[in-house]
There are 4 protein chains.
Amino acid sequence: MIQINERSMLPIYEQIVQQMKELIAKGVMQENEKLPSVRELSAQLLVNPNTVAKSFQELERQGIIVTLRGKGTFVAKRTAAPGMERERMDHLQTELRRVVVEARHLGVSREQFIIWTDEEWKRFGGDADVNR
Amino acid sequence: MIQINERSMLPIYEQIVQQMKELIAKGVMQENEKLPSVRELSAQLLVNPNTVAKSFQELERQGIIVTLRGKGTFVAKRTAAPGMERERMDHLQTELRRVVVEARHLGVSREQFIIWTDEEWKRFGGDADVNR
Amino acid sequence: MIQINERSMLPIYEQIVQQMKELIAKGVMQENEKLPSVRELSAQLLVNPNTVAKSFQELERQGIIVTLRGKGTFVAKRTAAPGMERERMDHLQTELRRVVVEARHLGVSREQFIIWTDEEWKRFGGDADVNR
Amino acid sequence: MIQINERSMLPIYEQIVQQMKELIAKGVMQENEKLPSVRELSAQLLVNPNTVAKSFQELERQGIIVTLRGKGTFVAKRTAAPGMERERMDHLQTELRRVVVEARHLGVSREQFIIWTDEEWKRFGGDADVNR
DNA sequence: GTGGTCTAGACCACT
DNA sequence: GTGGTCTAGACCACC
């Protein structure tokens with residue numbers, strides 16, 4: 001379910017983080033569902049186990065998954081790390097600005113941009129997650 | 001006019017590229033306007049000249065600026081590098097997706113997201129660039 | 001300045017984190033001072049560079065140090081990560097409780113415990129850091 | 001009476017050890033009192049019996065409890081394992097230092113720290129255990 | 001079985 | 001020169 005692009009400038013472990021978050025946002029992975037083990041996933045992606053492990057640790061740090069010692073790793077209940085949120089919110093806005101600037105440079109109209117945004121929004125399960 | 005954050009995870013040269021593009025998008029820098037020289041800018045930003053040079057090369061690669069030997073560097077007329085556009089357009093959509101995923105994970109509503117988008121859009125000069 | 005105990009149950013990278021924090025708390029390392037490079041320190045401690053790197057990343061995550069790309073890593077200005085604090089404060093209290101419980105089990109008197117606390121407190125520079 | 005946090009970085013068996021010690025320090029469990037059996041406790045905590053067994057072994061190693069073959073496990077008379085004490089005393093001081101360092105980094109004042117210490121001290125039954 | 005840690009050694013981007 | 005990433009393969013504690 002995850003595609004690795006070896007030639008991307010994003011580190012592999014970040015690609016895994018990214019796509020795992022997408023899978024969870026889309027609802028492909030549900031709360032409390034077990035993720036594939038580090039070894040499994042590394043074999044499947046043809047990637048070193050350490051690299052997958054690093055991704056999992058990063059996802060855990062972000063509160064997206066939890067690891068239960070000796071049992072495996074699971075999709076976390078969405079409870080939102082209390083303090084982290086503000087920081088990540090700021091980060092989000094900075095990234096949004098970058099994307100908007102890029103769009104302007106490419107001559108994308110505001111209307112087109114909103115359409116694209118909606119398309120992406122819908123890819124991730126309509127109106128889930130909104131209620132919190 | 002450019003602010004460098006030494007401890008950002010974005011390379012310094014990318015920060016320069018990014019902000020230069022913002023300045024042009026905002027219209028602070030106009031077509032055919034001359035940019036400061038590498039030496040000037042590096043002195044001003046307290047950054048290694050190599051780093052500034054790298055930014056200019058990247059901006060040129062993207063068709064945003066042009067360097068005229070012996071004369072200096074100038075803001076390019078738009079449509080300078082038609083071939084690049086497809087690539088950058090794809091890149092834009094990828095980044096947009098990432099931002100949307102992040103927003104969903106943080107529980108941002110579609111409405112809020114659109115509002116933010118509009119705010120950013122307005123920061124860069126209303127309806128310029130739309131007609132092409 | 002750092003002592004590694006290979007036989008400790010604390011991971012090596014945690015020992016480095018721990019002791020680096022002590023050095024900074026004691027004032028041996030000052031704000032903005034440059035840390036030894038990953039390679040240097042790894043050679044000195046007879047430890048793999050990856051292990052030292054992991055320590056540095058953890059220290060950065062905690063806001064204790066900052067890394068400047070291509071320049072090195074430096075002791076951070078103490079500005080206290082905004083959101084993290086509450087979490088770490090709770091963690092601190094939990095650890096304090098554990099230590100107190102252990103002391104009670106060993107029959108240490110309250111007075112003795114306070115004396116030890118004061119000794120440790122003095123080891124780290126008397127009254128520095130208190131004003132914030 | 002014992003709470004297990006599956007996702008703590010402390011091993012589950014250590015959590016049991018820790019909390020059992022707290023119960024004894026608080027006087028909830030008295031000298032010579034019988035502990036629940038491994039099977040009982042494991043069923044109650046929804047934890048693997050092996051894990052509970054490991055906790056009991058550790059508590060016995062520390063001289064906190066004793067197992068009498070065929071009879072069960074009991075809270076030991078204090079001073080059961082005199083040789084262990086030096087080791088645990090050193091460990092205690094190391095941990096105390098860690099906590100103090102952490103407190104300094106978080107900008108906690110000496111006074112506040114003492115107050116917290118007293119609070120924890122009082123949680124565990126005033127002045128018991130002092131006389132020995 | 002699980003994830004966590006460590007080593008050895010390589011390559012890369014950034015300054 | 002710096003730190004960041006990745007691979008290969010090993011060992012360990014925990015469940």
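Keep in mind the model is a prediction, meaning the values are calculated, not measured. We name chains A, B, ... by the order of the sequence lines, and we start the count at 1 in each one. Heavy atoms only: backbone and side chains are in, while hydrogens, waters and symmetry mates are out.
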When you measure from the side chain of [X] to the backbone N and O of [Y], does any donor-acceptor pair fall under 3.5 Å?
| X | Y | value |
| --- | --- | --- |
| Gln18(A) | Arg98(B) | no |
| Glu58(C) | Val17(C) | no |
| Gln19(D) | Gln3(D) | yes |
| Thr73(C) | Thr67(C) | no |

Check your understanding: When you match Lys71(A) and Ala53(C) each to their closest nucleotide on DNA chain F, which lands nearer the 5' end?
Key ->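 The residue mapped nearer the 5' terminus is Ala53(C).
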Review point. Closest nucleotide of DNA chain F for Asn50(A) versus for Gly72(C): which of these residues is on the 5' side?
Key: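 Mapping each residue to its closest nucleotide by heavy atoms, the 5'-most match is Gly72(C).
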Check your understanding: What's the NZ-P distance between Lys54(B) and dA13(E), to the nearest Å?
Key ->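 Rounding to the nearest Å, NZ of Lys54(B) and P of dA13(E) are 7 Å apart.
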Practice item. Scan residues 10-21 of chain D against DNA chain E and write down, sorted by residue number, each residue with any heavy atom closer than 4.0 Å; if none is found, say none. Key: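 Those residues whose heavy atoms fall under 4.0 Å from DNA chain E, taken from residues 10-21 of chain D, amount to none.
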**Study point:** For DNA chain E, the residues among residues 35-49 of chain A that have a non-hydrogen atom under 4.0 Å from it
**Key:**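 Close to the strand are Ser37(A), Val38(A), Arg39(A).
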At their closest point, which heavy atom of [X] faces which heavy atom of [Y], and how far apart are they?
| X | Y | answer |
| --- | --- | --- |
| Pro49(D) | Val38(D) | O-CG1, 3.5 Å |
| Ser42(D) | Asn48(D) | CB-C, 4.2 Å |
| Ser55(C) | Tyr13(C) | OG-O, 3.2 Å |

**Study point:** Residues in side-chain contact (heavy atoms from CB on, under 4.5 Å) contact with Ser8(A), at least two apart in sequence or another chain
**Key:**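 Asn5(A), Leu10(A), Gln15(A).
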Review point. Are Arg88(A) and Glu102(B) within salt-bridge range, i.e. N to O under 4.0 Å?
Key: yes
Acceptor/donor pairs from residues 27-35 of chain A side chains to any protein atom, 3.5 angstrom cut, sequence neighbours excluded:
unit_1, atom_1, unit_2, atom_2, d
Gln30(A), NE2, Gly27(A), O, 3.1
Glu33(A), OE1, Gln30(A), N, 2.7

**Study point:** Pairing string, 5' to 3', for DNA chain F - Watson-Crick or wobble contacts under 3.5 Å, brackets [ ] where pairs cross, | to another strand
**Key:** ||||||||||||||.
**Study point:** Stepwise side chain to side chain contact (heavy atoms under 4.5 Å, CB included) check, His105(D) with Gln62(C)
**Key:** CA-CA 10 Å; His105(D) 268 283; Gln62(C) 294 186 19; over 6 Å; no
Check your understanding: Under the side chain to side chain contact (heavy atoms under 4.5 Å, CB included) criterion, do Leu45(B) and Ile16(B) qualify, and how do the steps go?
Key -> CA-CA 10 Å; Leu45(B) 302 180; Ile16(B) 298 174; 4.0 Å; yes
Check your understanding: Passes side chain to side chain contact (heavy atoms under 4.5 Å, CB included), Lys21(B) versus Leu59(B)? Steps please.
Key -> CA-CA 8 Å; Lys21(B) 283 161 87 169; Leu59(B) 283 163; 3.9 Å; yes
Revision key, fill the gap. Span of DNA chain F engaged by chain A, first through last nucleotide within the 4.0 Å heavy-atom cut-off, is dT5(F) to dC15(F)
